[in-house]
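Written below as structure tokens is the structure these notes are about.
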Amino acid sequence: MATGLHAPILDWYAENARDLPWRRPDAGPWAILVSEIMLQQTPVVRVLPVWDEWMRRWPTPAALAAEPPGEAVRHWGRLGYPRRALNLHACARAITAEHGGRVPSSYESLRALPGVGDYTAAAVASFAFGGSHAVLDTNVRRVLARAVRGEEYPPKATTTAERKLAESLLPPLDAPRWAVAVMELGALVCTARAPRCADCPVAAACAWRLAGRPAYQGPERRGQTYAGTDRQCRGRLLAVLREAHGAVPKAALDVVWDDAVQRERALDGLVADGLAEALPDDAYRLPA
DNA sequence: TAGCCGTGGCA
DNA sequence: TTGCCAAGGCT
């Protein structure tokens, strides 16, 4: 069904694809894995400089595995969700210890790595190894919701119906190219807020556009406030540890957040998550 | 499974 | 200005 989407989207991609370094022929599986984890919930433009630095510093899983986890956290910078840095470090050590230093190629082996879920396993298996998998990220889900289901947004959690649909659309040849093309269409044209239907290669067949672009009907899409949350507090504390290069007296952490109760809770959380380490004499540092 | 986990740009 | 959102994953 809906295979009429293939040619227009693939042709559009051939003309409009961005030249991203992890898409180049010389990008190996490790470079692609690093990019995919960095790109989780994070815009391309913010990933580019950090990915460049990581690839120079740690060109192989073994190079990263040889470092303490805190170095991964330090060089994560302000990308956000810093446990991804820890996950990538754990990936590097698992790949070194269990896979001979080479990123595994099967979906199942990839899915078993820390921080690698359904999307990332399918993406790496496809883009690094040429596998044929339904790659369901937020872009693909939105494009299919609109073009096929006629709805402005996909449901909050991925449904089996979405997966069935995506699998039914897998082309017999070059599934990875199809996956990246749909993702790119969602990222550049079929965007969440102001879709550019005038530039869309499948506008004529799009169920949502043909229905008059009806507004989203489903349950409210929660927007979470950030100011004053534990997440913001954790971010402030970790920023101090990242920039310190060594032990930080607790007093230096106290000054970045006023609410002492929340600050203690956040600091304990960072330690529990392995993002920080408590030292004797009321000091903290990135994990060694 | 719903809530949590960072950060910054943009409409 | 502020809410929304960005190649999700984990519990």
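All chains are named by letter (A, B, ...) in the order of the sequence lines, taking the proteins before the strands, and each is independently numbered beginning at 1.
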> What does A:Leu20 touch in the nucleic acid at a heavy-atom separation under 4.0 angstrom: a base, only the sugar-phosphate, or nothing?
Replying inline: base
> To the nearest Å, how far apart are A:Asp118 CG and C:dG8 P?
Replying inline: 13 Å
> Between C:dA7 atom C1' and A:Asp137 atom CG, what is the distance in whole Å?
Replying inline: 5 Å
> Looking for any heavy atom pair under 4.0 Å, which part of the strands does A:Ser35 touch: base, sugar-phosphate only, or nothing?
Replying inline: nothing
> Over how many whole Å does the gap from A:Tyr226 atom OH to B:dG3 atom P extend?
Replying inline: 19 Å
>> Please classify the nucleic acid contact of A:Ala157 as base, sugar-phosphate, or nothing, using heavy-atom distances under 4.0 Å.
In response: nothing
>> From CZ of A:Arg84 over to C1' of C:dA6, roughly how many Å is that when rounded to an integer?
In response: 10 Å
>> Does A:Trp76 reach a base, just sugar-phosphate, or nothing at all? Heavy atoms under 4.0 Å.
In response: nothing
> Is A:Ala192 touching bases, backbone alone, or none of the nucleic acid, heavy atoms closer than 4.0 Å?
Replying inline: sugar-phosphate
>> Could you check whether A:Lys250 pairs with A:Asp254 (Lys NZ or Arg NE/NH1/NH2 to Asp/Glu carboxylate O, under 4.0 Å)?
In response: yes
> With a 4.0 Å cut-off on heavy atoms, is A:Tyr153 in touch with a base, just the backbone sugar-phosphate, or nothing at all?
Replying inline: sugar-phosphate
> Any salt bridge between A:Glu67 and A:Arg93, counting N to O under 4.0 Å?
Replying inline: no
> Which part of the nucleic acid, if any, lies within reach of A:Arg46 when heavy atoms closer than 4.0 Å are counted: base, sugar-phosphate only, or nothing?
Replying inline: base
> Less than 3.5 Å between a donor and an acceptor, one on the side chain of A:Arg193 and one on the base of C:dC5, is that the case here?
Replying inline: no
>> So A:Leu79, base contact, sugar-phosphate only, or nothing? Heavy-atom distance under 4.0 Å.
In response: base
> Counting only heavy atoms not in A:Arg102, do more than 12 fall under 6.0 Å of its CZ?
Replying inline: no
> What's the CH2-P distance between A:Trp257 and B:dG6, to the nearest Å?
Replying inline: 12 Å
>> Between A:Arg74 and A:Glu71, does any side-chain N to carboxylate O distance fall below 4.0 Å?
In response: yes
> B:dC5 C1' sits how many Å from A:Gln40 CD, rounded?
Replying inline: 12 Å
>> Just to be sure I understand the rule, does A:Gly80 reach a base, reach only the sugar-phosphate, or reach nothing, if contact means heavy atoms closer than 4.0 Å?
In response: base
> Which part of the nucleic acid, if any, lies within contact of A:Arg141, taking any heavy atom under 4.0 Å across all strands shown: a base, the sugar-phosphate backbone alone, or nothing?
Replying inline: nothing
>> Please report the distance separating the P of B:dC5 from the corresponding atom of C:dA7, rounded so that it comes out in whole Å.
In response: 22 Å
> If you look at every strand shown and take non-hydrogen atoms under 4.0 Å, does A:Thr191 touch a base, only sugar-phosphate, or nothing?
Replying inline: nothing
> Would A:His75 and A:Trp54 count as a close aromatic pair, with their ring centres under 6.0 Å?
Replying inline: no
> Using a cut-off of 4.0 Å on non-hydrogen atoms, how would the nucleic acid contact of A:Asp273 be classed: base, sugar-phosphate, or nothing?
Replying inline: nothing
> Picking from B:dG6, C:dC10, C:dA7, which would you name as closest to the side chain of A:Arg111?
Replying inline: C:dC10
> Rounded to the nearest Å, what distance is computed from the OH atom of residue A:Tyr216 to the P atom of nucleotide C:dC5?
Replying inline: 10 Å
>> Between B:dG8 and C:dG9, how many Å separate the two P atoms, rounded to a whole number?
In response: 23 Å
> Is it true that A:Asp258 and A:Arg263 have a side-chain N and a carboxylate O under 4.0 angstrom from each other?
Replying inline: no
